[in-house]
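Beneath this line is the structure, given in structure tokens, with notes to follow.
It should be emphasised that the depicted structure is a prediction, and the values quoted were computed from it without experimental measurement. All chains are named by letter (A, B, ...) in the order of the sequence lines, taking the proteins before the strands, and each is independently numbered beginning at 1.
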There are 2 protein chains.
Amino acid sequence: MSKLTSISTAGVTMDSEEVRIRVVIDALATAHRIRDAHMLGELYDKDAVIADLAPPLLSRGLDVGGAQAWLDGWDGPVEVEFKDIVIRIHNDLALAFGLKRTKAVTQDGEVAEWWSRITLGLARTPEGWRIMHEHDSVPFHMDGSFRAAVDLVPGGR
Amino acid sequence: MSKLTSISTAGVTMDSEEVRIRVVIDALATAHRIRDAHMLGELYDKDAVIADLAPPLLSRGLDVGGAQAWLDGWDGPVEVEFKDIVIRIHNDLALAFGLKRTKAVTQDGEVAEWWSRITLGLARTPEGWRIMHEHDSVPFHMDGSFRAAVDLVPGGR
């Protein structure tokens, strides 16, 4: 049975769900590029537990207003690229993790660019896959400086 | 049918799997307390993708030697406590996330204590649940200092 047949007869296969998870991840990038926090908000469960680059430790539900203000703080699109994303799916639960590069221009014309680690927990709802947990972080330098390591690149130390 | 019956007849229920996930999380704490990196290593898949507090961005497989050296660097037990851990399980995939407090005494007699965000992706293997992804981080202060926020407490900002 071809995959196409399997999709059309069984309704949903693991492969088609992985495609759907990747659509959510692509939509994260698009929402950043067009700087639309409402589009971003539609990707999250309203009670999503979010560990972001900035404090607090955890927050509940995407703060759409705060996200829009952050997006608007840049001069032009916020480019987000995902790399080496591993996806695991069982029924209505999915886990995706890997690397994320963010690149944008400040109002002063400076290019800001950093790599972070991204983990997404997703739940399949009647409306589709929604992010129920997001963990986005950079490590920090253990040289006594406690500086956030925003200068790391994949494969480097 | 009681839960007990359901466990004994069906072999495994969601509830008993959640208990097993919590056993893994408790074992993480115990391995830190007794400072046994080999015990720690047994909890991880050999190809686990780990995002730690320290660089690099990601590493593959727990570095048991490095973990033992880190544990040995403290004077006495490394106390780890987990708080508000949410667990989601579907078949052979589990996701756990919440807060983690680490407390230990330096060789200089200073108490070091910090809260971090912890995410675990677990896979059920023939040998039991194993951590296939770990993401442990603190945010950083967005005041221009880029200081790692090791001073945050749950519920605070």
Side-chain angles (χ1 to χ4, degrees), chain A residues 47-60 70 73 83-86 88-101 114-124 132-143 145-157, chain B residues 47-60 70 73 83-86 88-101 114-124 132-143 145-157:
Chain A
D47 291 320
V49 174
I50 300 173
D52 205 355
L53 289 181
L57 287 165
L58 293 176
S59 56
R60 188 168 287 273
W70 184 82
K83 182 178 156 66
D84 299 340
I85 299 292
V86 174
R88 293 282 179 271
I89 309 170
H90 273 274
N91 299 344
D92 299 339
L93 177 69
L95 175 67
F97 54 88
L99 294 166
K100 176 186 176 188
R101 188 185 65 133
W114 66 91
W115 285 92
S116 60
R117 301 84 63 88
I118 181 81
T119 303
L120 299 172
L122 300 106
R124 188 163 54 175
M132 64 162 166
H133 174 57
E134 180 178 57
H135 193 158
D136 189 4
S137 81
V138 293
F140 64 90
H141 291 292
M142 297 271 177
D143 54 5
S145 71
F146 289 94
R147 274 181 312 119
V150 291
D151 49 356
L152 302 174
V153 294
R157 304 194 68 86
Chain B
D47 291 320
V49 174
I50 300 173
D52 204 354
L53 290 181
L57 288 165
L58 293 176
S59 56
R60 188 169 287 273
W70 184 82
K83 182 178 156 65
D84 299 341
I85 300 292
V86 173
R88 293 283 178 271
I89 309 170
H90 273 274
N91 299 343
D92 299 339
L93 178 69
L95 175 68
F97 54 88
L99 294 166
K100 176 186 174 187
R101 188 186 64 134
W114 66 91
W115 285 94
S116 59
R117 301 83 63 87
I118 181 80
T119 303
L120 299 172
L122 300 106
R124 188 163 54 175
M132 64 161 165
H133 174 57
E134 181 179 58
H135 193 158
D136 189 2
S137 81
V138 294
F140 65 89
H141 293 292
M142 297 270 177
D143 54 5
S145 72
F146 289 93
R147 274 181 312 118
V150 289
D151 49 355
L152 301 174
V153 293
R157 304 193 68 85

remark   = Note: A/Pro139 and B/Leu57 closest approach over all heavy atoms is CD-CD2, 4.1 Å
request  = Considering non-hydrogen atoms only, spot the tightest contact between A/Pro55 and B/Ala149 and give its length.
outcome  =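 Closest approach of A/Pro55 to B/Ala149, heavy atoms only: CG-CB, 4.3 Å.
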Between [X] and chain A, which part of the residue has a heavy atom less than 4.5 Å away: side chain, backbone, both or neither?
X	result
B/Ile118	backbone
B/Asp136	backbone
B/Val138	both

message = Is the shortest side-chain heavy-atom distance between B/Phe97 and A/Thr119 below 4.5 Å?
response = no
query = Is there a side-chain contact between B/Met132 and A/Leu95, using heavy atoms and a 4.5 Å cut-off?
reply =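 In short, these two side chains touch, coming nearer than 4.5 Å.
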Choice from B/Met142, B/Arg88, B/His135, B/His133 maximising heavy atom contacts with chain A below 4.5 Å =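 Max contact count across the listed options: B/His135.
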query = Is it true that a side-chain atom of B/Arg117 and a backbone atom of A/Asp52 form a donor plus acceptor pair closer than 3.5 Å?
reply =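 Yes, the answer is positive, given that a donor and an acceptor are paired below the 3.5 Å cut-off.
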ask   = chain B: which of A/Asp92, A/Leu93, A/Val86 shares the most heavy-atom pairs with it under 4.5 Å?
value = A/Leu93
